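Below is one structure; the comments refer to it alone.
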Amino acid sequence: MDHDSTDHPKPPSKARRGSQPDLPPPDLTAADVDPATSAAEEDDEARLPEAPEEPAEAIAEGPLAVGHAAIENAVRLAPTSPGVYRMLNTASDVLYVGKAKNVRKRLASYARLNAPLPARILRMIAATVTVEIVSTTTETEALLLEANLIKQLRPRFNVQLRDDKSFPYILITGDHWAPQILKHRGAQTRPGRYFGPFASAGAVNRTITALQRAFLIRSCTDGFFESRTRPCLLYQIRRCSGPCTREIDFPGYGELVREATDFLSGRSHAVKELLAAEMEKASNELEFETAALYRDRLAALSAIQSQQGINPRTVEEADVFAIHQEGGYSCVEVFFFRTGQNWGNRAYFPRAEKSFTPQEVLASFLAQFYDDKPPPKLILLSHEIEECALLADALCVKAGYKVEISVPKRGEKKELVTHALTNAREALGRKLADTATQSRLLEAMAATLGLPQVPKRIEVYDNSHIQGTNAVGAMIVAGPDGFIKNQYRKFNIKSEGLTPGDDYAMMREVLERRFKRLLKPPEGDAAKAKADDDSFPQWPDLVIIDGGRGQLNAVREIFEGLGLTQVSLMAVAKGPDRDAGRETLFMPDREAIKLEPRDPVLYFIQRLRDEAHRFVIGSHRKLRKKDIREAGLQEIPGIGPSRKRALLHHFGTLKEIERASIADLGKVPGVSAESARKIFEFFHAQAG
C-alpha cells in the first residue's frame, strides 16, 4: 500500500560547483533513515512467552463463591447494550477484558454456579473481586475498544500480542525538487509517497539499496544535498544520478523518480520492458557504456524480485495470517503482499493458555494487530474465526474502505496460506528447539554455580573508555529465549571529579543508576505495567561483571549499600594472556571456580561476556567518533595548524584521514613516520 502526499517542488535555478571532495554522506546507513522518525535498525527477535499456566486441579470453594458474588452484583447493574467489561482482582489488576453485544447476558454466563466452564475461566472467576463496564454504541465499537484495552493493559487471561512494533515503510519524499528515498517508521506526516509495510528493517534496507542501483535516486539528507559542490562517492559507484550538482537535469531525475514509483506501485513489468528497450537502443547505436548502465539497472530490479521469493499473480494487496500450535505455544506467521509483490514475513508468538483454540488465538491476534495499523483490502486466514463479519466491519470503520476477510479453499490464495502455514510450523519448531537448548544451559548454569534457582533474567555489565575519556557503561540481558536486545541499556558516565580510568567508580555509578530506578516504587502507568504477569522480569536473578575478585567485592559493597540481597553475583576474570577457555569465575564467599575448557556452561558465560563487550565497545566508539568529529585534529598530540592543513588538503575530510593507513599518512608532506603512527593510533586506539 502506498500513500501520496504532494507533488514534487521545482528545482532552484542555479547549480553550485566547486572542489568539494568526492565523498559520500558520513553515514550511508543513517542516510537511508528519516531522521525525524528513525528507529533501531535491528528488529528485536520475537520471543516465546512464558510457559502457559497449567490448569488447576481444583478451585477452592470460598474464592470461587466470592468471584461469583462479585459477577452477580455486576450483572444487576450491567446494561443490555453492547460494551466492554473488565474483571479485576484484589490488587485492582485487570485479569480479563471482554466484549459483548449484550453485556448483562454475557456476564450472567459467568455467574452460573454449575455451568461447565474451562479451568482457565474458573481460575479467572475465583480471582475476580470487581467488574468494570464501559458501554458502547455498537458491537463494532466494542470490538475496537476491547483490542485497544488488551494491548494497553495486557490482562493475564487474554490472548496477548507480543513484540508489537511499527513496521517500516519506504518513503520517496515530496518536499524537495530532487526526491530522496529512505526508510520511514511512525506517523506518515512528511509529504511524499509511502510504500509498505515491510516486515523488517532488513527487507527495507535491501530493497532501498537495489532501488538505488536501479533508479539512481539519492538517499542523502537535504542538508548534505544542499552543501554539495561535487558529486559524492555514490555517484561514482552508480548508486546516484548526482542531482545535487546537476549531473542530471530536473526532467531526467523526475523520470527516474517516476520509474521507481511505478515499480513500487506494482507496474514492475512495464518498467523492466522500458529499460530493456532503452538498453537495446543504446546497444544498436554502439553506446555500449550506456547499454551497460541499463543492463545493471535491470539486474538490480531482478535482484529485488528474486529476494522477495513468492510473488502472487492474482493477489494485488493482502495480508496472509497462518497459525500453528505445538507444545502449548502458538505461532502466527504474517506475510505482506503489496502491489503484487512480497514485502516480507514475520513470525509472532502470542501469549495464550493451552485451552485456547487456534481460532480463538487468531481472532484476538487480528483485532490487536490492526489496532494501530492500516489494514489491506484483503486478509487471508488459515482458520475460520468467529465473528469474522464483525471484525471485517470494524476494520472497514477504521480504514474507511471495504476490507474482506476470507479463508481460501483453492487456487493461488490457498497456496499463499499454505506457504504461510508451513513457515509458521517451521518457525515454531526452530523457536522451541532454541528455547529448549537455552533452558538446558540455564539449568546447567544454576547447577554448576549453585544458584538458588534457574535464572530467568541475567544481566551482564561492562565499562569502556580510553584513559577515562568517553567513558560509557553498558548492560546486556539474557533469558530463556537468548539475548533480549530490547532490554539492553547504555550509561554515559556523568560523575564529576571521577578519576580517569577508575573502573570501580564507573561501575558504582552504572549499578546505582540501574538499581535505584528499580527500587523506586512505580507510579501511574508503570504500576499497571508491573502487574503484567507475562512481562519479562525486571529484576535480575544473576548479575555478571567483567573482572576478578576485586571487582566482585566492589559490586558486593554497592549491593549491600542498596539493600540488595536476592540477586546472585559473579565476576568473570580472563585467563592468562587473556586466553578464552581459561577464565576464572568468582562468587561471594566461595572459592574461585575454574571450568573445563570445553564445558558448555563456560561457553555460555563467554558468550554473555563477549556480547556485553561488543555492545559497550560499540557504544564507546560512537561517542568517540562524535568527539573526534567535533574536536577535529586539535586533540592529536604533535599535530599543529600546518600539519592539519596539509592533512586536510591531502585527504579532503576528517573521515578520510581516519580511514587512512600509516603508509598513506606518511605520504603527506610534513608528516613524519612517527607522526603518521601517532595519528593512526589516535583514531584506532583500543577502548578498555
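If you're wondering where the values come from, they're calculated on a predicted model, not measured in any experiment.
A donor-acceptor pair under 3.5 Å is formed between the side chain of Gln368 and the backbone N or O of Val159. A donor-acceptor pair under 3.5 Å is formed between the side chain of Gln160 and the backbone N or O of Pro155. In this structure, His419 contributes its side chain and Glu415 its backbone to no donor-acceptor pair below 3.5 Å. A donor-acceptor contact shorter than 3.5 Å links the side chain of Thr136 to the backbone of Thr138. Not a single donor-acceptor pair under 3.5 Å links the side chain of Glu132 to the backbone N or O of Val94. A donor-acceptor contact shorter than 3.5 Å is absent between the side chain of Glu384 and the backbone of Gln359. Not one N or O on the side chain of Asp371 forms a donor-acceptor pair closer than 3.5 Å with the backbone of Ala367. Side chain of Gln180 to backbone of Thr173: no donor-acceptor contact under 3.5 angstrom is found. In this structure, Arg351 contributes its side chain and Arg156 its backbone to a donor-acceptor pair below 3.5 Å. Remark: the backbone N or O of Pro480 is not paired with any side-chain donor or acceptor of Ser439 at under 3.5 angstrom.
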Could you walk me through whether Cys331 and Lys431 pass the side chain to side chain contact (heavy atoms under 4.5 Å, CB included) test, one step at a time?
CA-CA 10 Å; Cys331 174; Lys431 187 61 68 174; over 6 Å; no

Between Glu611 and Val460, does the side chain to side chain contact (heavy atoms under 4.5 Å, CB included) criterion hold? Intermediate values first, please.
CA-CA 9 Å; Glu611 173 67 3; Val460 188; over 6 Å; no

Apply the test side chain to side chain contact (heavy atoms under 4.5 Å, CB included) to residues His324 and Asn423: give CA-CA distance (whole Å), side-chain angles for both, the deciding distance (0.1 Å), then the verdict.
CA-CA 9 Å; His324 177 70; Asn423 277 266; over 6 Å; no

Using side chain to side chain contact (heavy atoms under 4.5 Å, CB included), reason through His383 and Thr357 one step at a time and then give a plain yes or no.
CA-CA 10 Å; His383 293 68; Thr357 66; over 6 Å; no

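Note that CG of Leu366 is 12.5 Å distant from CD of Glu387, once rounded to the nearest 0.5 Å. Separation of atoms CD1 (Ile323) and CD (Glu360) is listed at 10.0 Å; rounding is to 0.5 Å. Annotation: the span from Met124 atom CE to Leu64 atom CG amounts to 11.0 Å, rounded to 0.5 Å. In this structure, Ile133 CD1 and Arg104 CZ are separated by 9.5 Å, a value rounded to the nearest 0.5 Å. To the nearest 0.5 Å, the span separating OG1 on Thr128 from CZ on Arg123 amounts to 12.0 Å.
Ring pair Phe369/Phe336 is parallel by interplanar angle, where below 30° counts as parallel and above 60° as perpendicular.
For the side chain to side chain contact (heavy atoms under 4.5 Å, CB included) with Val134, the lone residue among Glu146, Glu141, Arg86 that qualifies is Arg86.
Judged by the 6.0 Å and 45° rule, Arg120 forms no cation-pi pair with Tyr96.
Summarising the geometry of Ala347 relative to Glu333, their closest heavy-atom pair is CB-OE1, 3.4 Å, with the distance given to 0.1 Å. The shortest heavy-atom contact between Pro197 and Phe167 is CB-CB, 3.6 Å. In plain terms, the two heavy atoms of Ile379 and Leu395 that are nearest each other are CD1-CD1, 3.6 Å. Residues Leu95 and Asn158 share a closest heavy-atom pair of O-OD1, 4.2 Å. What you find for Val97 and Val84 is that their closest heavy atoms are CG1-CG1, 3.7 Å. Pairing each heavy atom of Tyr370 with each of Pro376, the nearest pair is OH-CD, 3.6 Å.
Taking 4.0 Å as the cut-off between side-chain N and carboxylate O, Arg338 and Asp319 count as a salt-bridged pair. For the pair Glu404 and Lys402, the salt-bridge criterion is not met [side-chain N within less than 4.0 Å of a carboxylate O].
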